Colleague: 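The structure under discussion is supplied below as structure tokens; questions concerning it will follow.
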2 protein chains.
Amino acid sequence: MTQTTSHRTRLSPEQRREQLLDLGVRLLATRSLDELSIDLLAEEAGISRGLLYHYFGNKHDFHEAVVRRAADDLIEKTAPPVDGEPMARLLTSLAAYLDYVVDNHEGYLSLVKAAAGGNETLREIYEEARSSLNGRIFREDAQGTIIPETPATRLVVRGWSAMVEELVLSWVADPGPVTREELLEVMAASLPALVEVVPGQRPA
Amino acid sequence: MTQTTSHRTRLSPEQRREQLLDLGVRLLATRSLDELSIDLLAEEAGISRGLLYHYFGNKHDFHEAVVRRAADDLIEKTAPPVDGEPMARLLTSLAAYLDYVVDNHEGYLSLVKAAAGGNETLREIYEEARSSLNGRIFREDAQGTIIPETPATRLVVRGWSAMVEELVLSWVADPGPVTREELLEVMAASLPALVEVVPGQRPA
DNA sequence: CACTCTATTGACACTTTTTCAATAACGCCA
DNA sequence: TGGCGTTATTGAAAAAGTGTCAATAGAGTG
């Protein structure tokens, strides 16, 4: 299916890098990191193993590049924050995030899986992406108006975003009778609800 | 250190299996799954590589068995539910879970990481353990009294337990000024607070 | 239409996983 | 107590995967 043409196909380094990274992200969605062997990827791409080493030094570096690409893609494609009142902005951010996961299920899955099971470097890449999202949602979208920043609330927001991730992934896998709007509303409303539960945080 | 005795030590299949699984779990606490090579394990156990294959077919199956054992250990050591009124029982369960993670930090982290980053089977094992924990917390400790079971609440409870896991892991890594009791209270109080946020779920 | 530049290959070295016929520990029975 | 059979265990060798590098051949250029 790949490589119907004669013997070699010579691409520009940029094109080839793109191709290999994209393929990597796609393949990673349906298998774990260590099942993503150089052999498999080379075969799927229709190239020799040697070429992969030419572009990415070794397996680890390749994995890192794949994960980084998934993360960059997430950050880039997720809509930047808009203005408006805090809760509305929070909803908008969440919607952008949800839509991204729906549209790029594979890439997102790759990112999450690799990050959770991977080494320090991989987790950092993931954390970076998450911070970037949380940064938008927490610090820009909602803070100052909804949430005071204390160690306890920071912890809770961290927990909240883990919850959001789980909810989105679960919902995408099986929405059941829950609509997109209901999901968004639950996620958005959860944040203030959780903050209220923090001791010494209840306003009014 | 191992194997001071003569050449071979012949154990009963059960004993050997136990030994290898226990050792596997112990080693997994300080390294990732794919750093847990057959070579390493065989050496640490003082046996030949061949014997591992005799007991566990291949590396994957061995990993699976190790993760399953770690999961079983978690479930077993976590205190079974006590009786009392629902919120008190929820608190007790959460405390047992938290204490387990504190006492077995490395092992627990390994379990989570291995499961999250692994293949379908590994993730299923982890899901099973999680369901079992949720089962206690949700169905036995709190249900019928606090939470009606609908698709939406099921989703929310799932999200809540992801949050609890994240909170516990974050807190164990760096408690900051948050006390154990505050953490427990926040986690326990979160559950009803979240359920209230589900549309058509607000009781009174 | 050569010619050059460099993307790409393939064969080889090395590490780790997997196989399996041969070996020897342990319990049993005389 | 000592031979004997069962089977847990080994070790060597095949297979699979990772990494290296000099040789090869596309594709644009003058």
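Computed over heavy atoms, backbone and side chain alike; hydrogens, waters and symmetry mates excluded. Only a predicted model underlies this, so the values are computations on that prediction, with no experimental measurement involved. Here is the naming used below: chain letters follow the sequence lines, and residue numbers restart at 1 for every chain.
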Colleague: Might you work through the side-chain contact (heavy atoms from CB on, under 4.5 Å) test for Trp171(B) and Arg158(A), ending with a clear yes or no?
Modeller: CA-CA 11 Å; Trp171(B) 184 81; Arg158(A) 208 182 154 73; over 6 Å; no
Colleague: Let me know the distance between CG of Asp61(A) and P of dT18(D), rounded to the nearest Å.
Modeller: 14 Å
Colleague: Which part of the nucleic acid does Ser37(B) contact within heavy-atom distance under 4.0 Å: base, sugar-phosphate only, or nothing?
Modeller: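 Sugar-phosphate: the residue Ser37(B), judged by heavy atoms under 4.0 Å, touches backbone atoms but no base.
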Colleague: Roughly how far, to the nearest 0.5 Å, is the OG atom of Ser132(B) from the CG atom of Leu74(B)?
Modeller: 8.0 Å
Colleague: Measuring from Ser161(A):OG to Leu191(A):CG, what's the distance to the nearest 0.5 Å?
Modeller: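 Rounded to the nearest 0.5 Å, the OG-CG separation comes out at 9.5 Å.
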Colleague: Output one line per pair: protein atom, nucleotide atom from nucleotides 19-22 of chain D, and distance, for all N/O pairs under 3.5 Å.
Modeller:
residue: dG19(D); atom: OP2; partner: Tyr53(A); partner atom: OH; Å: 3.2
residue: dG19(D); atom: OP2; partner: Lys59(A); partner atom: N; Å: 3.1
residue: dG19(D); atom: O6; partner: Arg49(A); partner atom: NH2; Å: 3.1

Colleague: What integer distance in Å separates Ile47(B):CD1 from dT7(D):P?
Modeller: 20 Å
Colleague: Find the distance Leu52(A):CG to dG17(D):C1' and express it as a whole number of Å.
Modeller: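 Distance check: Leu52(A) CG to dG17(D) C1' gives 13 Å.
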Colleague: Quick one: closest heavy-atom pair of Ala162(B) and Glu166(A), and the distance?
Modeller: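 In terms of heavy atoms, the two residues are closest at CB-CB, 3.5 Å.
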Colleague: Here's a test for you: under side-chain contact (heavy atoms from CB on, under 4.5 Å), which of Leu111(A), Val66(A), Val67(A) qualifies with Leu122(A)?
Modeller: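 Answer after filtering Leu111(A), Val66(A), Val67(A): Val67(A).
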Colleague: For Leu11(B) and dG27(C), what is the distance between atoms CG and P respectively, to the nearest whole Å?
Modeller: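 After rounding, the gap between these two atoms is 11 Å.
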Colleague: How many whole angstroms separate atom CD of Glu43(A) from atom P of dA16(D)?
Modeller: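 Going from Glu43(A) (CD) to dA16(D) (P), I get 13 Å.
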Colleague: With side-chain contact (heavy atoms from CB on, under 4.5 Å) as the test, would you mind laying out the steps for Leu20(B) and Ile47(B) before giving the verdict?
Modeller: CA-CA 10 Å; Leu20(B) 296 179; Ile47(B) 59 165; 3.8 Å; yes
Colleague: On the nucleotide dT23(C), are OP1 or OP2 found under 4.0 Å from the side-chain N or O atoms that Arg8(B) carries?
Modeller: no
Colleague: Measuring from atom CG of Leu27(A) to atom CG of Leu23(A), what distance do you get when rounded to the nearest 0.5 angstrom?
Modeller: 4.0 Å
Colleague: Which nucleotide in the list dA25(C), dT24(D), dC5(C) gets nearest to the side chain of Arg10(B)?
Modeller: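 Between dA25(C), dT24(D), dC5(C), the one nearest the side chain of Arg10(B) would be dA25(C).
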Colleague: Taking the axis from the first five pairs and the axis from the last five, what angle separates them in the helix from dC1(C)-dG30(D) to dA30(C)-dT1(D), rounded to 10 degrees?
Modeller: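 Inter-axis angle at the ends, rounded: 10°.
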Colleague: By the 4.0 Å heavy-atom rule, please label Tyr55(B) as base, sugar-phosphate, or nothing.
Modeller: sugar-phosphate
Colleague: Would you kindly give the CG-to-C1' distance between Asp39(B) and dG11(D), to the nearest whole Å?
Modeller: 13 Å
Colleague: How many Å lie between CD on Glu35(A) and C1' on dA16(D), as a whole number?
Modeller: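 It is 15 Å, rounded to the nearest whole Å.
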Colleague: How many Å lie between NE2 on His63(B) and P on dT16(C), as a whole number?
Modeller: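 These atoms are roughly 14 Å apart.
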Colleague: Could you please name the option among dA7(C), dT10(D), dT7(D) that lies closest to any side-chain atom of His54(A)?
Modeller: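 The closest nucleotide is dA7(C).
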Colleague: Can you name the ring pair (Phe, Tyr, Trp, His ring centres under 6.0 Å) partners of Phe62(B), sequence neighbours left out?
Modeller: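 If we apply the ring pair (Phe, Tyr, Trp, His ring centres under 6.0 Å) test to Phe62(B), skipping adjacent residues, the hits are Phe56(B).
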Colleague: Measure the spacing between NZ of Lys113(B) and CG of Leu169(B) and express it to the nearest 0.5 Å.
Modeller: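 Atom-to-atom, Lys113(B):NZ and Leu169(B):CG are 11.0 Å apart.
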